Amino acid sequence: MKTRNDRWDLLIQNARVATMDPSVDAPYGLIEAGLVGISGRQIVFVGNENDLPVAMAECATAQLDLGGQFLFPGFIDCHTHLVFAGHRAHEFELRLQGASYEQIARAGGGIVSTVQNTRAVSEAALLAASLPRAEALAAEGVSTLEIKSGYGLDLDSERKMLRVARQIGEALSLTVRTTYLGLHALPPEYRERRAEYVDLAVDHWLPTLHGEGLVDAVDAFMEHIAFTRDETARLFEQAERLGLPVKLHADQLSDGGGAALVATHRGLSADHIEYTSPEAVAAMAAAGTVAVLLPGSFYCLRETRLPPIDQFRTMRVPMAVSTDLNPGTSPLRSSLHAANQACTLFRLTPEEALQGITRHAATALGLAHAKGQIQVGMDADLVAYDISHPAELCYWLGAHQPTRRWTLGQPR
């Protein structure tokens, strides 16, 4: 029995709690007239007044009446490239004039142009440029995000990017997972020394940066304009030796077998996956690999090949949704806008889209034990919205801001 000496820090009451917990037998895992108890960084109670261990007034040091507002798990943006310098608005203009993504990349634009800008700035300047992008996500309710390297493509610049990613988490009190993306593009100075670059990125830079505590996961861009299956497999084998999980930019522009490869390595996720085959979908299902949908880049590139959504549903492959925030193909700074795009472009239901930025996004980062649901024992990352139905978050464009946010139990 709870006593006065072990009260929770906060009891949130009169909330419509969208737990996103599949064990709750209601759409969105919804608990009407719900209560959520917080102690320290964790959720310690989820339920109704009848479930409380003692009278409501005795449960917590502080109480908050949400007045019937909806309470969601903090949102999770599980695929971003938000640390970079400069922009590529001119490439946006070129694409509208008819140039393709591949044509721009082969002409020295695309990723390589952002590499040049990112290499040229100091760590402090890179942080100053990147922080507002993370602030925009956080203001909407994002409490966990992934940030990739891959715009440095040399050891010092990759280190700079990963250090800035860590600093963003500290500055905004967000959970940031860093991903090493050394195999993102071939830098110009290695155009005639491709094998040497791959050796450095795989055998030297990754172990060094991991040893410095800067890497949580490993990614690559496996595509005909980027890196091959064999090169990607080498990177994954190195990651496994270091005890790091893997994920992959897979099958975005063609079916190169990327999703199947990452599933073979029991990877966290296959991302983009517009051209993924039915056989690869089955492999992902068997491996527990999450399909990360990136409708922002699909939209900006005016793609027409849809990811195999119905196959993912049939095979019960979890579908996460993310912004893919980057300067070239998805300058998108809103997880809720990504959720809307997932509904309108990919025909996800609003419930699937919100699962995609909560529960399934947590799985895509290896954080399913702590994030993405309102459940006892999980981190107290919460966001409240004054709406009448959860689908409104996917319906309105730019119309809502949260009324309250908590990260790790602290109000923001």
Side-chain angles (χ1 to χ4, degrees), residues 77-92 105 108-140 142-190 197 200-201 204-206 208-221 226 247 249 296-297 300 322-335 365:
D77 199 350
C78 65
H79 180 129
T80 84
H81 304 255
L82 68 78
V83 171
F84 60 85
H87 63 80
R88 290 179 6 221
H90 61 291
E91 293 181 15
F92 175 70
I111 294 166
V112 171
S113 66
T114 298
V115 170
Q116 294 169 343
N117 290 329
T118 302
R119 285 178 173 180
V121 301
S122 68
E123 185 172 310
L126 186 59
L127 176 62
S130 304
L131 197 59
R133 295 186 278 267
E135 288 174 332
L137 291 169
E140 192 178 66
V142 169
S143 54
T144 301
L145 70 155
E146 184 250 25
I147 301 176
K148 302 179 190 293
S149 69
Y151 292 136
L153 306 186
D154 62 43
L155 178 58
D156 288 342
S157 300
E158 290 287 290
R159 176 186 286 120
K160 177 172 67 176
M161 290 188 67
L162 293 167
R163 283 173 52 85
V164 166
R166 293 282 195 232
Q167 291 170 48
I168 287 172
E170 294 167 1
L172 300 182
S173 299
L174 300 175
T175 299
V176 170
R177 304 294 284 180
T178 56
T179 298
Y180 172 73
L181 184 55
L183 296 190
H184 195 196
L186 192 65
E189 66 268 26
Y190 286 96
Y197 177 79
L200 286 169
H204 299 283
W205 302 347
L206 173 56
T208 298
L209 296 170
H210 174 56
E212 295 172 8
L214 293 174
V215 180
D216 297 321
V218 173
D219 193 358
F221 184 21
K247 57 183 70 177
H249 288 63
S297 56
C300 288
S322 187
T323 62
D324 191 19
L325 171 52
N326 74 75
T329 61
S330 189
L332 175 58
R333 301 190 296 183
S334 167
S335 286
L365 295 182

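The model shown is predicted, which means the values in this text are computed figures rather than measured ones. In what follows, every heavy atom counts, from backbone to side chain, and hydrogens, waters and symmetry copies are set aside. Numbering starts at 1 and runs along the sequence shown.
Counting all heavy atoms, side chain and backbone alike, Val215 lies closest to Val218 at CG1-CG2, 4.3 Å. For Thr114 against Arg88, the heavy-atom pair with the smallest separation is OG1-NH1, 2.8 Å. Residues Ala85 and Leu126 share a closest heavy-atom pair of N-CD1, 3.9 Å. In terms of heavy atoms, Gly296 sits closest to Leu332 at CA-CD2, 4.1 Å.
Contact check for Leu174 versus Leu137: no side-chain heavy atoms found under the 4.5 Å cut-off. Counting heavy atoms from C-beta outward, Lys148 and His79 have side chains that approach closer than 4.5 Å. Considering only heavy atoms from C-beta on, Asp154 stays 4.5 Å or farther from Val115 through its side chain.
Within the 3.5 Å criterion, the main-chain N or O of Thr179 finds no donor-acceptor partner in the side chain of Glu146. In terms of modelled atom types and a separation under 3.5 Å, the side chain of Tyr180 and the main chain of Ala201 share a donor-acceptor contact. Between the side chain of Glu158 and the backbone N or O of Gly152 there is at least one donor-acceptor pair closer than 3.5 Å. Between the side chain of Arg133 and the backbone N or O of Phe84 there is at least one donor-acceptor pair closer than 3.5 Å. Under the 3.5 Å distance criterion, the side-chain polar atoms of Ser130 are left unmatched by any main-chain donor or acceptor of Ala165. Side-chain atoms of Thr208 come within 3.5 Å of backbone atoms of His204 as a donor-acceptor pair (strictly under, hydrogens ignored).
Here the OG atom belonging to Ser113 is positioned 4.5 Å from the CD atom belonging to Glu91, to the nearest 0.5 angstrom. Annotation: the span from Ser149 atom OG to Lys160 atom NZ amounts to 12.5 Å, rounded to 0.5 Å. Annotation: the span from Glu189 atom CD to Leu153 atom CG amounts to 8.0 Å, rounded to 0.5 Å.
Other residues, nucleotides and ligands contribute only 12 or fewer heavy atoms inside 6.0 Å of the NE2 atom of His87.
Legend: residues meeting salt bridge (charged side-chain N to carboxylate O under 4.0 Å, His left out) with Asp77, ordered by chain and number and at least two apart, are absent. When the ring-ring contact (aromatic ring centres under 6.0 Å, His included) test is applied to Tyr190, the partners found at least two apart in sequence or on another chain are Tyr197.
Relative orientation of the His249 and His184 rings is tilted, given thresholds of 30° and 60° on the angle between their planes.
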